[in-house]
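Let me begin by presenting the structure, written as structure tokens, before commenting on it.
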Protein chains: 2
Amino acid sequence: MKRLRNENADLDVADLKILRLLEKDARTSTAELARAVGLSPPSVAERIRKLQENGVIEAYTVRIDPAALGLKLSAWLRIRPVPGQLAVVAGIIRDLPEIAQCDRVTGEDCFIALAHVGSVAELERVIDKIIPYAMTNTAIIQSSPVEPRSLLGSLRQR
Amino acid sequence: MKRLRNENADLDVADLKILRLLEKDARTSTAELARAVGLSPPSVAERIRKLQENGVIEAYTVRIDPAALGLKLSAWLRIRPVPGQLAVVAGIIRDLPEIAQCDRVTGEDCFIALAHVGSVAELERVIDKIIPYAMTNTAIIQSSPVEPRSLLGSLRQR
DNA sequence: GCTGAAATAATAAGCCG
DNA sequence: CGGCTTATTATTTCAGC
């Protein structure tokens with residue numbers, strides 16, 4: 001049977017189909033997944049359990065429209081701490097609830113962070129928390145040509 | 001009753017609690033949500049239906065570890081199309097399955113895109129598709145000081 | 001928003017290749 | 001080990017209030 005081989009997981013076509021269906025709707029019932037992949041519900045439940053155990057599935061989440069919560073402004077912040085302040089800046093970022101995610105990256109900027117706020121004034125308050133220890137560059141999101149989409153799509157014909 | 005008021009939604013504390021629980025685990029059963037908020041299961045089901053209908057809940061998804069699929073390299077691409085080629089570049093980005101998401105932003109860079117690939121060679125192929133029409137800047141993700149976290153956390157004491 | 005009944009689904013146990 | 005069936009428990013859904 002065709003498999004994806006790598007250090008972390010050993011996924012067969014049924015696993016991939018389950019992941020694909022859960023990506024589309026994480027609330028799909030085990031029973032329905034079972035019908036789709038042609039296995040019994042307990043088998044599918046067991047596969048899902050293992051996918052979680054092996055860290056393939058990291059979390060089941062819901063995507064919420066920030067605007068619906070009054071968070072009408074979203075922005076990407078590129079952050080370049082002054083020498084010696086990297087850990088301090090990382091701590092500040094973690095303590096700012098407006099930061100929904102943040103990656104450490106290679107290159108001139110050390111961090112790329114996503115902020116959701118209700119107004120420009122709030123955005124300013126977020127930036128002001130960081131600016132004593134880092135140079136920042138703010139890019140406000142205007143639209144999303146590609147809404148978050150399937151990771152499995154990235155696999156192509158490999 | 002305390003409510004969040006804005007153009008898109010009118011959420012009470014029960015709705016917010018439901019959203020918070022679903023953010024933590026989108027597979028939480030309606031029955032369990034009902035117990036947590038002190039309503040009956042049909043009421044909770046109806047509230048969830050409306051949250052979807054109103055676009056507050058955009059999707060239920062599963063977060064998959066890219067490395068588990070062999071996508072060991074993730075990178076943020078900043079993309080600045082040459083004049084007149086913005087729409088062309090947007091189309092190319094949409095057609096690249098390695099791009100998991102992409103936002104149009106203000107500032108020097110027009111697009112910020114997230115790519116998941118299996119190798120540096122694949123990353124090069126992605127960039128080569130874009131480079132005829134845009135200047136690009138690539139930042140490889142080293143770690144994630146803030147893993148994707150609750151949007152509701154961004155609300156603070158507003 | 002609720003209850004209560006009927007239909008579905010999840011789970012645990014025991015068995016099979 | 002991975003999968004199946006069966007029996008039990010829990011959940012979802014529908015109707016009526």
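Atom set for the values below is all heavy atoms of this structure, side chains included, hydrogens, waters and symmetry mates excluded. The sequence lines fix the lettering, A, B, ..., with proteins before strands; numbering per chain opens at 1. Remember, predicted model here, so these are calculated numbers, not experimental data.
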Keeping the roles fixed (side chain from A/Arg27, backbone from B/Ala26), state whether a donor-acceptor pair exists under 3.5 Å. yes
Counting only N and O atoms by type, is there a donor-acceptor contact under 3.5 Å from the side chain of A/Asp15 to the main-chain atoms of A/Asp12? yes
Under 3.5 Å: donor-acceptor pair, side chain of B/Arg149, backbone of A/Ile99: yes
Under 4.5 Å between side-chain heavy atoms, hopping through other hydrophobics if needed: is there a path connecting A/Leu22 to A/Leu16? yes
Any donor-acceptor pair under 3.5 Å linking the side-chain atoms of B/Ser74 with those of B/His116? yes
ILVMFWY cluster, B/Ile141 and B/Leu96 together (side-chain gap under 4.5 Å): no
Those residues of residues 28-44 of chain B lying under 4.0 Å from DNA chain D by at least one heavy atom: B/Ser29, B/Thr30, B/Ala31, B/Arg35, B/Pro42
If two hydrophobic side chains count as joined below 4.5 Å and joins carry through other members, does B/Leu155 share a cluster with A/Leu114? no
Reading DNA chain D 5' to 3', which nucleotide is the first, and which the last, to come under 4.0 Å of any heavy atom in chain A? D/dG2 to D/dT5
My understanding is that only residues two or more places apart in sequence, or in another chain, count here; which of them pass salt bridge (charged side-chain N to carboxylate O under 4.0 Å, His left out) with B/Glu124? none
Residue set satisfying salt bridge (charged side-chain N to carboxylate O under 4.0 Å, His left out) with A/Lys50, at least two apart, ordered chain then number -> A/Glu46
How bent is the helix from C/dG1-D/dC17 to C/dG17-D/dC1, comparing axes over its five end pairs at each side, to the nearest 10°? 40°
For the residue pair B/Glu23 / A/Tyr60, report whether a side-chain donor-acceptor contact shorter than 3.5 Å exists. no
Using modelled atom types only, decide if a donor and an acceptor are shared between the side chain of B/Ser150 and the backbone of B/Leu152 within a distance under 3.5 Å. yes
Output yes when a side-chain donor or acceptor of B/Thr106 lies under 3.5 Å from a complementary backbone atom of A/Ile140, and no otherwise. yes
Atom pairs under 3.5 Å, N or O on each side, protein against nucleotides 15-17 of chain C: can you list them with distances?
none

Quick check: on DNA chain D, is the nucleotide nearest A/Glu46 upstream (toward 5') of the one nearest A/Arg27, or the reverse? Name the residue that is more 5'. A/Glu46
